[in-house]
Amino acid sequence: MIHIDLYEKWWITLTIVVLVAFTVAIGMSAFVSGIQVPLPEARVNPNTVQQSGDFSSPGLKQLAPGKYEAHLLAQASPWKYYPAEIRVPVGSTVTFYVTSADVQHGFKIQSTNVNAMVLPGQVTKLTHTFDTVGEFSYECTEYCGVGHQNMFGKIIVEPK
Ligand code: CUA
């Protein structure tokens with residue numbers, strides 16, 4: 001049996017405890033808190049994404065009562081999201097499909113766990129249920145040029 005100094009034993013034990021704690025924390029955040037890794041849902045051609053397909057007329061579409069999907073296009077010059085406003089009744093579950101027509105953008109909805117990169121050529125998919133009435137702004141979280149600070153929009157969650 002190899003001799004391990006007392007303090008070294010403590011540090012080895014502490015390291016193992018920290019590793020276990022972090023692993024449990026990852027599991028809890030994924031399965032209990034529902035923190036989701038944004039998945040690349042599909043590939044699109046950023047040069048033609050505005051001409052045809054779901055992003056040629058971006059916006060909200062109702063799939064069933066309380067279930068929606070929203071296609072959003074992020075674009076630099078002018079620095080905007082299309083659409084810049086979405087209205088849903090409270091309790092709605094919205095699946096967002098977001099892509100970029102040009103450079104790398106971000107998409108973060110305040111007070112939710114929706115926060116992802118928006119990459120040209122890739123469709124990012126995120127789902128959120130809006131349980132409270134109010135306004136939830138979304139904004140670009142990646143510096144994308146001189147108009148970056150103008151890239152925002154809002155989701156208005158209305159009473160039923
Ligand atoms: Cu788009 Cu910053």
Side-chain angles (χ1 to χ4, degrees), residues 21-160:
F22 284 178
T23 306
V24 169
I26 291 169
M28 295 281 281
S29 60
F31 299 109
V32 181
S33 307
I35 292 173
Q36 30 175 342
V37 177
L39 299 170
E41 177 67 11
R43 302 280 171 193
V44 287
N45 184 342
N47 298 318
T48 58
V49 75
Q50 287 165 293
Q51 276 101 60
S52 63
D54 290 322
F55 294 97
S56 60
S57 54
L60 189 72
K61 207 195 291 176
Q62 188 170 20
L63 303 174
K67 276 200 83 145
Y68 296 85
E69 66 177 24
H71 286 82
L72 277 98
L73 185 72
Q75 190 181 22
S77 189
W79 282 263
K80 277 185 174 175
Y81 286 106
Y82 299 95
E85 190 182 297
I86 292 170
R87 281 173 186 270
V88 289
V90 69
S92 298
T93 299
V94 185
T95 301
F96 296 92
Y97 297 89
V98 198
T99 194
S100 166
D102 38 51
V103 297
Q104 180 176 316
H105 297 278
F107 181 66
K108 176 179 164 61
I109 306 175
Q110 291 296 321
S111 311
T112 70
N113 66 358
V114 172
N115 187 0
M117 272 190 185
V118 177
L119 304 172
Q122 181 173 299
V123 178
T124 299
K125 181 185 175 187
L126 288 151
T127 300
H128 186 72
T129 300
F130 293 90
D131 287 325
T132 51
V133 171
E135 280 192 15
F136 298 83
S137 60
Y138 49 88
E139 66 215 15
C140 183
T141 50
E142 299 282 335
Y143 182 72
C144 55
V146 294
H148 162 70
Q149 71 280 359
N150 300 325
M151 278 195 78
F152 54 84
K154 64 183 170 187
I155 296 155
I156 299 167
V157 182
E158 298 172 321
K160 271 187 181 155

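Read the numbers this way: they start at 1 and go in the same order the structure lists the ligands and their atoms.
In this structure, the side chains of Tyr82 and Pro58 come closer than 4.5 Å at one or more pairs of heavy atoms. Taking the side chain as every heavy atom from C-beta outward, Tyr68 and Pro89 approach each other to under 4.5 Å. Here the side chains of Leu60 and Val94 are in contact, with some heavy-atom distance below 4.5 Å.
Side chains of Gln110 and Glu135: no donor on one and acceptor on the other come within 3.5 Å.
Here the angle at atom 1 (Cu) of ligand 1 defined by SD in Met151 and SG in Cys140 stands at 120°, rounded to 10 degrees. For the pair O of Glu142 and SG of Cys144, the angle whose vertex sits at atom 2 (Cu) of ligand 1 is 110° to 10 degrees.
For atom 2 (Cu) of ligand 1, the nearest N, O or S atom contributed by His148 is named ND1. His105 contributes ND1 as its N, O or S atom closest to atom 1 (Cu) of ligand 1.
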